[in-house]
Amino acid sequence: MTAVRANIQTSAQARDRYLAGVVALNAERSGYTTSQLNQILSPAIPGFRLYGVDQPLTTWDLFVLWHFVAMQMPSTPPRPMRNLAHGGPIFLPWHRMFLLRLEQQIQRVTGDAEAGLPYWDWTADGGLPADQQPASSLWGSAGLGDARGDVVSGPLAAMRVRLVGHGTQLWSAAPRPLQRNAGSDPDVPGLPVADDVKTALEEGIGYDTVPWDVSADGFRNRVEGWIDPRRPGQASAPQMHNRVHVWIGGDMGPGSSPNDPLFYLNHCNVDRLWEAWLGRNGRRYSPGDGDQQIPSGQGLNDTMVTLLGEALRPADVLDASRWYSYDNLPA
Amino acid sequence: MRPVEDSGGVLAEFTAPLRSGGYGLPPGGAAHAHDHGTNGVSTSVRTAVHNGHEIRIETTYAITIDGKPLQGGLEVLDNGAVHYHGLPQYALPSAIDLCKRVLDYFGTEPPAADELGCLVGEHGENCACPEGEPGHPHSHEGDSHPHSHEDDSHSHETHSHEGHSHSHEGHVHEHGEAHQ
Ligand SMILES: [Cu+2]
């Protein structure tokens with residue numbers, strides 16, 4: 001059975017099922033406490049441990065931990081912000097695997113084997129005047145809740161944050177509501193717009209290119225958002241995926257950003273854009289044999305950093321049709 | 001492509017990779033993450049080739065906030081923007097602006113006392129041990145409590161963190177070695 005991933009702003013059914021699923025996962029005891037996780041992970045990952053209080057974690061929290069751990073994993077040669085989940089070609093396949101595992105957990109807790117993650121096509125809101133963007137149909141008590149401050153309205157008011165990135169460390173702290181700060185960063189007044197997606201999916205654009213990092217101009221980096229391809233070589237404000245994180249702010253800022261269900265909505269849209277690229281350009285991945293400066297752990301057949309579910313390689317996720325499809329791809 | 005047997009599975013099966021310490025981890029683990037950014041000092045190297053000549057630029061940041069070293073390091077991108085690993089989607093033209101963001105996001109105090117460090121014997125500035133606990137390496141001689149006499153009307157919350165500055169003489173605490 002495969003899931004269909006729908007637009008959260010046009011499918012109330014997909015939205016409500018997702019919100020019910022994430023609230024259930026955020027309340028479901030995983031059977032692990034933070035001190036137990038330190039006993040498991042500290043020997044396996046030298047230099048890593050959780051800080052803060054000893055407390056039981058939920059299934060939802062384990063995804064936060066997984067993302068944070070992957071972000072700490074080096075890929076050599078070292079490059080700024082490149083790790084085994086970000087800043088290189090592995091960004092899209094790793095997050096595809098990560099989302100797939102959450103989708104399967106939502107299917108389990110909702111009892112609906114065809115529940116698909118919804119995506120947030122942020123370019124629709126990006127077309128609104130900046131001051132109206134934090135008040136679009138995504139937000140409010142029928143949807144994702146408050147866009148600024150503590151999330152105290154809507155279904156997500158029930159969610160609690162237990163693991164938080166503090167600097168480059170992951171801390172276990174007294175459970176608290178989600179926090180956001182949408183649209184208040186003066187450098188990032190608005191969400192990405194339709195033209196950004198058009199540029200990212202420009203005809204003939206390759207998947208990724210040397211030096212396979214945050215400076216490379218290819219589809220991966222255009223959607224990850226480290227460059228603005230219209231201003232090559234210049235330091236730019238965060239674009240696309242990065243921009244959505246920064247625009248929302250709050251818990252979407254640190255490496256613990258999977259705390260907020262918006263993380264998955266953002267990445268689901270990113271994955272949808274990748275699916276559009278794959279459909280147009282073939283189910284290909286780079287770097288491949290014969291390429292120069294290939295970053296470690298980011299090859300087609302390298303096992304991706306996995307804490308939950310079966311470990312996959314980029315080669316395993318280039319065709320996702322056995323798991324899910326999108327109701328609509330960008331034209 | 002290898003066919004993938006993939007059901008998602010029940011919770012016990014689902015957390016199997018976690019129980020065995022994770023799959024797909026690089027040899028040497030996260031040691032790298034602690035190599036740079038020690039004591040607020042971080043170095044990054046940029047290289048380029050121009051007309052056959054090799055350019056190499058080594059940049060070192062030594063950052064303190066209120067006199068305390070910034071935890072974690074800064075890296076410079078080829079385009080000159082600065083990145084802090086704790087805010088993974090940012091790269092800003094100015095390190096000062098980046099430090100302002102770090103303060104806006106994280107403040108200067110950690111979100112909890114660190115009882116997990118105490119459990120593994122890794123006592124630190126933010127640990128949760130009761131003062132004077134036997135075998136505990138803290139020394140409180142150097143403590144200063146700036147508001148202790150003048151501001152009796154202030155709440156005790158504001159006092160508790162400021163008074164909690166331990167001195168670390170004789171207490172070896174090196175990241176990356178504590179768990180081997
Ligand atoms: Cu991520």
Side-chain angles (χ1 to χ4, degrees), chain A residues 30 34-35 38 40-54 62 69 71-74 78 80-81 84 86 104 107-108 164-169 171-174 214-215 226 233-235 238 242 245-246 253-255 296-297 303-312 315-316, chain B residues 1-2 4-6 8-11 14-15 17-26 28-34 37 44 70-72 75-81 83 85-93 102 105-106 110-117 119-120 122 126 128 175-176 179-180:
Chain A
S30 67
T34 47
S35 59
N38 269 348
I40 295 170
L41 292 176
S42 298
I45 310 173
F48 179 83
R49 75 164 174 92
L50 291 162
Y51 295 76
V53 300
D54 193 11
L62 297 184
V69 164
M71 214 183 73
Q72 301 273 342
M73 293 296 113
M81 196 40 218
L84 289 184
H86 305 89
Q104 289 169 330
Q107 290 165 353
R108 179 178 60 77
V164 287
H166 179 76
T168 60
Q169 301 169 339
W171 283 71
S172 162
V214 298
S215 72
W226 292 104
Q234 289 179 38
N242 283 350
H245 275 274
V246 172
S296 69
T303 300
M304 298 191 282
V305 174
T306 303
L307 295 188
L308 301 171
E310 191 191 338
L312 300 176
D316 299 322
Chain B
M1 272 198 285
R2 175 183 62 143
V4 177
E5 234 62 65
D6 207 282
V10 289
L11 206 51
F14 184 64
T15 58
L18 177 63
R19 273 199 305 284
S20 49
Y23 300 148
L25 303 175
H32 154 92
H34 291 258
S44 49
L70 175 72
Q71 183 268 318
E75 297 177 303
V76 190
L77 276 54
D78 285 352
N79 62 20
H83 172 75
H85 198 63
L87 289 173
Q89 287 87 29
Y90 282 89
L92 292 175
V102 170
Y105 266 98
F106 304 120
D114 184 25
E115 66 184 63
L116 294 171
L119 291 176
V120 297
E122 210 185 86
N126 305 298
H175 275 292
H179 295 283
Q180 323 220 349

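Reminder, nothing fancy here: chain letters follow the sequence lines and each chain counts from 1.
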Non-hydrogen atoms of [X] and [Y] that approach each other most closely:
X	Y	value
M73(A)	P26(B)	SD-CD, 3.4 Å
A112(B)	S172(A)	CB-O, 3.6 Å
V305(A)	G24(B)	CG2-O, 3.5 Å
E115(B)	V53(A)	CG-CA, 3.6 Å
P17(B)	G309(A)	CG-O, 3.1 Å
P254(A)	L87(B)	N-CD2, 4.4 Å

If I take atom [atom1] from residue [X] and atom [atom2] from residue [Y], how far apart are they, to the nearest 0.5 angstrom?
X	Y	atom1	atom2	result
L116(B)	T34(A)	CG	OG1	4.5 Å
T168(A)	Q71(B)	OG1	CD	3.5 Å
Y90(B)	H245(A)	OH	NE2	11.0 Å
L25(B)	L307(A)	CG	CG	7.0 Å

Looking at G52(A), S30(A), G297(A), which makes the most heavy-atom pairs under 4.5 Å with chain B? G52(A)
Flag the one option from T303(A), L41(A), V214(A), V246(A) with the top tally of heavy-atom pairs under 4.5 Å to chain B. V246(A)
So for [X], is it side chain, backbone, both, or neither that comes closer than 4.5 Å to the heavy atoms of chain A?
X	value
A113(B)	backbone
Y105(B)	side chain
L119(B)	side chain

How far apart are the C-alpha atoms of D114(B) and R49(A), what are their side-chain angles, what is the distance that settles it, and do they pass the side-chain contact (heavy atoms from CB on, under 4.5 Å) test? CA-CA 11 Å; D114(B) 184 25; R49(A) 75 164 174 92; 2.8 Å; yes
Report yes or no: does H85(B) contribute a side-chain atom to a donor-acceptor pair with the main-chain N or O of M71(A) at less than 3.5 Å?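 Such a contact is found between H85(B) side chain and M71(A) backbone.
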Less than 4.5 Å to any heavy atom of chain B: does that hold for the side chain of [X], its backbone, both, or neither?
X	answer
S215(A)	side chain
M304(A)	backbone
H166(A)	both

What residue in P88(B), A81(B), G86(B), G22(B) has the most heavy-atom pairs under 4.5 Å with chain A?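 Highest number of pairs under 4.5 Å: P88(B).
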Using side-chain heavy atoms (C-beta onward) and a distance below 4.5 Å, is S42(A) in contact with V120(B)?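 No, every pair of side-chain atoms sits at 4.5 Å or beyond.
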Any side-chain heavy-atom pair from F14(B) and L308(A) closer than 4.5 angstrom? yes
